[in-house]
Amino acid sequence: MPEGPEIRRAADRLVAAVVGKTLTGVWFAFPELKSYEATLMGEKVERIVTRGKALLTWFSNDVVMYSHNQLYGVWRVGKQPPDTRRELRVRLDTADNAVSLYSASDITMLTPEQLATHPFLQRIGPDVLDESLTVDEVRERLLSARFCRRQLGTLLLDQGFLAGLGNYLRVEILWASALAPTRRAADLSETELAMLSRMLLEIPRLSYQTRGSEDDENRHHGALFRFHVFHLDGKPCERCSHPIVKSLVASRPFYACPHCQQ
DNA sequence: CTTTAAACCTGCTGGC
DNA sequence: TGCCAGCAGGTTTAAA
């Protein structure tokens, strides 16, 4: 159940566990990846990075593993026995540790050339967790001809606009910005535009830093990051106390305060 | 060009 | 208890 912040935190755990180490065991579930078990055995894990919700693992022989967790993929760290409730898809062992990817269906091995022309990676916009991305750049992107006419509710799910946003982030960003999902960047006031641009970066970064969506304690008890509307239909809005309403926007669950998100 | 709908994917929940 | 439909924090494709 991953959006950009969850994937980035998974990558952080993988880096600490296996980067710089030599592979002593390699296992893939998909038949088309089986040959890479021999290819990668004895190689080093060079680096692991995220691009939006995609995770890239570089090996010392220039092979790159692309993995996307979609809704259900999950990374586990440690030499534990396999979780029998989920399907093991990838397992990488080092002398002292191991990482396992469960349930993910989108796993491919790439050459550096294939990486450069990857259909998904080539198309996605700037990563909201990229520290060099500024609020001003986001504001300009919102106002660009390509995006300024799109409804915000669908735009914020489009990885071509900004990579790493997902359903809980779009819901929380639009509530924090007090905007209805039918609004368009071209029609926003300067004040609304400034707030939205800021929240598009601030909320994902706060979630990344505070384990937002993975930690129920944080989420519901006043820690740095918690949901204000996501999964909170029927509860009073914190700004105006009108009830939060659940609906569908772009065929995905949406939560908002119809009173203060106009 | 923009939006919507359906399909694909896997695991979990709730209702009968 | 068991099974199935529907749902979910995602993406792609086709169609409207």
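Proteins get letters first, then strands, A, B, ... in listed order; numbering begins at 1 in each.
- Between A:H68 and the phosphate of C:dT11, there is a side-chain N or O to OP1/OP2 separation shorter than 4.0 Å.
- Taking atom CG of residue A:L248 and atom P of nucleotide C:dG10, one finds them 14 Å apart after rounding to whole Å.
- In this structure, CD of A:Q122 is placed 17 Å from P of C:dT11, rounded to the nearest angstrom.
- The partner of C:dG9 is absent, by the rule that a Watson-Crick or G-U pair needs both atom distances under 3.5 Å.
- Ring geometry for A:H259 versus A:H242: interplanar angle under 30°, hence parallel rather than tilted (30 to 60°).
- Taking 4.0 Å as the cut-off between side-chain N and carboxylate O, A:E190 and A:R139 count as a salt-bridged pair.
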Collect all protein-nucleotide pairs involving nucleotides 12-16 of chain C in which both atoms are nitrogen or oxygen and the distance is under 3.5 Å.
unit_1: C:dT12; atom_1: OP1; unit_2: A:R123; atom_2: NH2; d: 3.2
unit_1: C:dT12; atom_1: OP2; unit_2: A:R123; atom_2: NH2; d: 2.3

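- Tested against A:T24 for a side-chain contact (heavy atoms from CB on, under 4.5 Å), the candidates A:L92, A:D96, A:D93 yield a single pass: A:D93.
- Taking atom CG on A:L157 and atom C1' on C:dA8, their separation rounds to 13 Å, with Å as the unit.
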- Task: Would you check, one step at a time, whether the test side-chain contact (heavy atoms from CB on, under 4.5 Å) holds for A:F59 with A:V26?
- Result: CA-CA 12 Å; A:F59 301 98; A:V26 182; over 6 Å; no
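- Note: CG (A:L169) to P (C:dG9) measures 11 Å, nearest angstrom.
- Ring geometry for A:F230 against A:F227 counts as perpendicular: the plane angle is over 60°, on a 0 to 90° scale with 30° as the lower cut.
- At C:dA8, one or more side-chain N or O atoms of A:K246 fall inside 4.0 Å of OP1 or OP2 (strictly under the cut-off).
- Ring planes of A:H228 and A:W175: parallel class, angle under 30° (limits at 30 and 60°).
- Within the structure, a side-chain polar atom (N or O) of A:S103 is placed less than 4.0 Å from OP1 or OP2 of B:dG11.
- Distance A:N167 CG to C:dG9 P: 5 Å, rounded to the nearest Å.
- The closest side-chain heavy-atom distance from A:L152 to A:R184 is not below 4.5 Å.
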Where do N or O atoms of nucleotides 3-8 of chain B meet protein N or O atoms at under 3.5 Å, pair by pair?
unit_1: B:dT3; atom_1: OP1; unit_2: A:Q151; atom_2: N; d: 2.8
unit_1: B:dT3; atom_1: OP2; unit_2: A:R150; atom_2: NE; d: 2.9

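- In this structure C:dA16 sits in a base pair with B:dT2, meeting the Watson-Crick or G-U test at under 3.5 Å.
- A:E238 and A:R226 are joined by a salt bridge, as a carboxylate oxygen and a charged side-chain nitrogen come within less than 4.0 angstrom of each other.
- As rounded to the nearest Å, B:dA6 and C:dG6 have P atoms that lie 13 Å from one another.
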Using a cut-off of under 3.5 Å, enumerate the N/O to N/O pairs linking the protein to nucleotides 12-14 of chain B.
none

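- At whole-Å resolution of the value, CZ in A:R9 and P in C:dG9 are 16 Å apart.
- Of all the heavy atoms in A:I107 and A:R89, the pair that sits closest is CD1-CB, 3.7 Å.
- Each of A:V15, A:V45, A:V64, A:V49 was scored for a side-chain contact (heavy atoms from CB on, under 4.5 Å) with A:T57, with one residue passing: A:V45.
- Note on A:R146: only backbone sugar-phosphate atoms sit closer than 4.0 angstrom, heavy atoms only; bases stay farther off.
- Ion pairing between a basic and an acidic side chain is recognised when a charged N comes within 4.0 Å of a carboxylate O; A:D233 and A:K235 show no such pairing.
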- Stepwise side-chain contact (heavy atoms from CB on, under 4.5 Å) check, A:F161 with A:R150: CA-CA 10 Å; A:F161 171 55; A:R150 305 267 306 273; over 6 Å; no
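- To the nearest angstrom, P of C:dG9 lies 14 Å from CG of A:L165.
- In this entry the distance linking CG of A:L156 with C1' of C:dG10 reads 15 Å, nearest Å.
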